[in-house]
2 protein chains.
Amino acid sequence: MAHRSEDVMRRTPARADALRNREKLLDVARTLYAQKGAEVTLNGLAKQAGFGVGTVYRHFPTREVLLEAVIADRFDALQALAEELLAGPDPGGPGLRRWLDVLLDNLTEYRGLPASTLAAMHDETSHLYQSCHGMRAAAARLLRAAQDDGTIREDLDVSTLLKLSNAVALVTEQTGRAAKELLPFLYEGITPRS
Amino acid sequence: MAHRSEDVMRRTPARADALRNREKLLDVARTLYAQKGAEVTLNGLAKQAGFGVGTVYRHFPTREVLLEAVIADRFDALQALAEELLAGPDPGGPGLRRWLDVLLDNLTEYRGLPASTLAAMHDETSHLYQSCHGMRAAAARLLRAAQDDGTIREDLDVSTLLKLSNAVALVTEQTGRAAKELLPFLYEGITPRS
DNA sequence: ACCTGAACACCGTTCAAGT
DNA sequence: ACCTGAACACCGTTCAAGT
């Protein structure tokens with residue numbers, strides 16, 4: 001009965017200063033990501049932010065967790081966009097394509113983001129799983145609308161669609177320049193035959 | 001006129017013992033790759049093979065170069081297969097699909113292979129560029145045959161085709177399980193409309 | 001020509017000691 | 001409850017010294 005309360009739920013610091021420190025760390029991390037891609041080091045972050053290393057590790061026990069914290073709100077924004085498009089005038093094929101474009105832009109903004117996204121999709125223990133799940137659900141409804149439209153193949157599910165998008169993003173990441181030339185073939189592949 | 005001979009052409013050691021050492025290192029490296037993916041360390045390789053670190057660095061100045069040396073012959077094998085298929089009974093669509101299947105198997109064997117492949121394709125300074133280029137040329141002829149067949153879209157070039165394949169391989173790499181479910185959409189995307 | 005291994009600057013990670 | 005920073009094992013990389 002007596003549940004050991006400390007084991008789970010380690011998300012928000014209890015003390016006000018700790019919460020401020022966490023915000024500050026995220027702020028510096030965002031700047032570092034923008035500067036040097038995903039080559040952000042936990043030691044480097046500590047030095048840059050003027051904290052002890054242990055403090056960084058208390059908030060973000062691993063590099064992955066840090067990246068996840070930084071990009072979680074992006075997923076939330078994508079979810080919001082999907083719902084917005086669903087309520088808009090073109091919830092079908094056009095809406096989905098618009099959403100995929102924005103998704104691609106987001107995925108290619110930070111190096112390492114597609115890898116984290118794919119990991120989050122398949123690992124329920126990931127801290128990113130929640131945001132990712134919400135986004136996926138919204139994307140599923142958008143996909144459903146496009147399929148009712150007849151503009152997207154019936155045998156395509158959200159997971160596969162997201163994997164395909166991340167595939168394009170991964171190539172973009174590796175080749176440097178944007179791999180937008182892959183998109184036509186992606187779109188062609190998910191469109192039904194006459 | 002007097003060309004400084006040491007600058008380029010650093011491929012094959014001049015002394016017999018050095019060449020044996022190089023072979024030995026490659027052998028151990030292959031074993032390590034098979035065991036623990038691409039998490040092979042140059043220091044670790046030195047220790048495992050019983051050489052000084054400097055020796056490893058003399059032969060393989062970076063982790064990339066080592067991986068490239070290990071996988072160069074795979075590219076050669078893929079080139080050979082392409083030429084074999086071209087000379088075979090079904091050089092068109094079936095030949096290309098067969099080749100793509102083998103390509104995918106190769107790309108997903110070692111973690112980190114798709115990334116190196118994509119890098120090699122776009123970086124002429126890469127040591128892998130030669131092998132990659134030969135493979136690409138053979139693949140181009142195979143693609144050409146399939147296009148003459150009418151089974152593959154005319155507006156698809158080899159670079160894009162290889163990028164698409166690597167995209168699938170990258171997702172497979174990230175998700176752990178094979179992403180073969182992406183293949184139908186890939187094939188659909190590169191097939192011409194009625 | 002080639003090999004060795006100590007040396008350096010870095011990384012992730014832990015943990016006793018402080019407030 | 002939280003923060004600190006020294007400490008440890010590791011990594012990539014270099015280079016004087018040996019054969």
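Chain A is the first sequence line, chain B the second, and so forth, proteins listed ahead of strands; every chain is numbered from 1. Since the structure is predicted, the reported quantities are computational estimates derived from the model, not experimental observations.
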Student: Nearest whole Å is fine: how far is D:dC2 C1' from A:D17 CG?
Tutor: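 Computing the A:D17:CG to D:dC2:C1' distance gives 7 Å.
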
Student: Using residues 41-54 of chain B as the side-chain source, report each donor-acceptor pair under 3.5 Å to any protein atom, sequence neighbours left out, with the distance given to one decimal.
Tutor:
none

Student: In whole Å, what is the span from the CG atom of A:L32 to the C1' atom of C:dC11?
Tutor: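 In whole Å, C:dC11 C1' and A:L32 CG are 15 Å from each other.
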
Student: Which pair of heavy atoms, one from A:W99 and one from A:L78, lies closest together, and at what distance?
Tutor: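 Minimum heavy-atom separation between A:W99 and A:L78: NE1-O, 2.9 Å.
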
Student: Side chain to side chain contact (heavy atoms under 4.5 Å, CB included) with A:E83: which residues, sequence neighbours excluded?
Tutor: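 Partners of A:E83 by the side chain to side chain contact (heavy atoms under 4.5 Å, CB included) criterion, ordered by chain and then number, come out as A:Q79, A:A138, A:R141.
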
Student: Could you state the CG-P distance from A:L25 to D:dC2, rounded to the nearest angstrom?
Tutor: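 Atom CG in A:L25 sits about 14 Å away from atom P in D:dC2.
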
Student: How many whole angstroms separate atom CG of B:L66 from atom C1' of D:dC11?
Tutor: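 Rounded to whole Å, this separation is 15 Å.
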
Student: Partners of A:A169 by side chain to side chain contact (heavy atoms under 4.5 Å, CB included), sequence neighbours excluded?
Tutor: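 Counting only residues at least two positions away or on another chain, A:A169 forms a side chain to side chain contact (heavy atoms under 4.5 Å, CB included) with A:L104, A:L107, A:T108, A:P114.
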
Student: Return a table of donor-acceptor pairs under 3.5 angstrom between the side chains of residues 62-75 of chain B and protein atoms on other chains or two or more places apart.
Tutor:
| residue | atom | partner | partner atom | Å |
| --- | --- | --- | --- | --- |
| B:E64 | OE2 | B:S116 | OG | 3.4 |
| B:E68 | OE2 | B:S126 | OG | 3.4 |
| B:R74 | NH1 | B:N106 | OD1 | 3.1 |
| B:R74 | NH1 | B:E109 | OE1 | 3.1 |
| B:R74 | NH2 | B:E109 | OE2 | 3.3 |

Student: So, using side chain to side chain contact (heavy atoms under 4.5 Å, CB included) as the criterion, who are the partners of A:D148 when residues are at least two apart?
Tutor: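 A:R144.
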
Student: What string of B, S and - do you get for nucleotides 13-19 of chain D, 5' to 3', when a contact is any protein heavy atom under 4.0 Å?
Tutor: BBB----

Student: Identify every side-chain donor-acceptor pair in residues 85-94 of chain A under 3.5 Å, counting partners at least two apart or on other chains, and give the distances.
Tutor:
none

Student: Can you list everything that forms a side chain to side chain contact (heavy atoms under 4.5 Å, CB included) with B:V158? Sequence neighbours excluded, please.
Tutor: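 Residues passing side chain to side chain contact (heavy atoms under 4.5 Å, CB included) with B:V158: B:R136, B:A139, B:A140, B:L143, B:L162.
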
Student: C:dC10 P sits how many Å from A:E39 CD, rounded?
Tutor: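 Taking atom P of C:dC10 as the reference, CD of A:E39 is at 16 Å.
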
Student: Please determine if a side-chain N or O atom of A:H59 lies less than 4.0 Å away from the OP1 or OP2 oxygen of D:dC3.
Tutor: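 Indeed, a polar side-chain atom of A:H59 lies that close.
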
Student: Quick check: is A:V102 connected to A:L100 through a chain of hydrophobic side chains (ILVMFWY, heavy atoms under 4.5 Å apart)?
Tutor: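 A:L100 clusters together with A:V102.
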
Student: Given atom NZ of A:K24 and atom P of D:dC2, what is their separation to the nearest angstrom?
Tutor: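 It works out to 20 Å between those atoms.
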
Student: Starting at NZ of B:K47 and ending at C1' of C:dG5, how long is that distance when rounded to a whole Å?
Tutor: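 Going from NZ in B:K47 over to C1' in C:dG5 covers 13 Å.
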
Student: Can you give the dot-bracket line for DNA chain C, using ( ) for pairs inside the strand, [ ] for pairs that cross earlier ones, | for pairs with another strand and . for unpaired bases, where Watson-Crick and G-U count if both distances are under 3.5 Å?
Tutor: ||.|||||...|||||.||

Student: Without decimals, in angstroms, what is the distance between A:L19 CG and D:dC3 P?
Tutor: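 Taking atom P of D:dC3 as the reference, CG of A:L19 is at 10 Å.
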
Student: Does C:dC10 have OP1 or OP2 under 4.0 Å away from a side-chain N or O of A:T41?
Tutor: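 Looking at the OP1 and OP2 atoms of C:dC10, neither is under 4.0 Å from any side-chain N or O of A:T41.
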
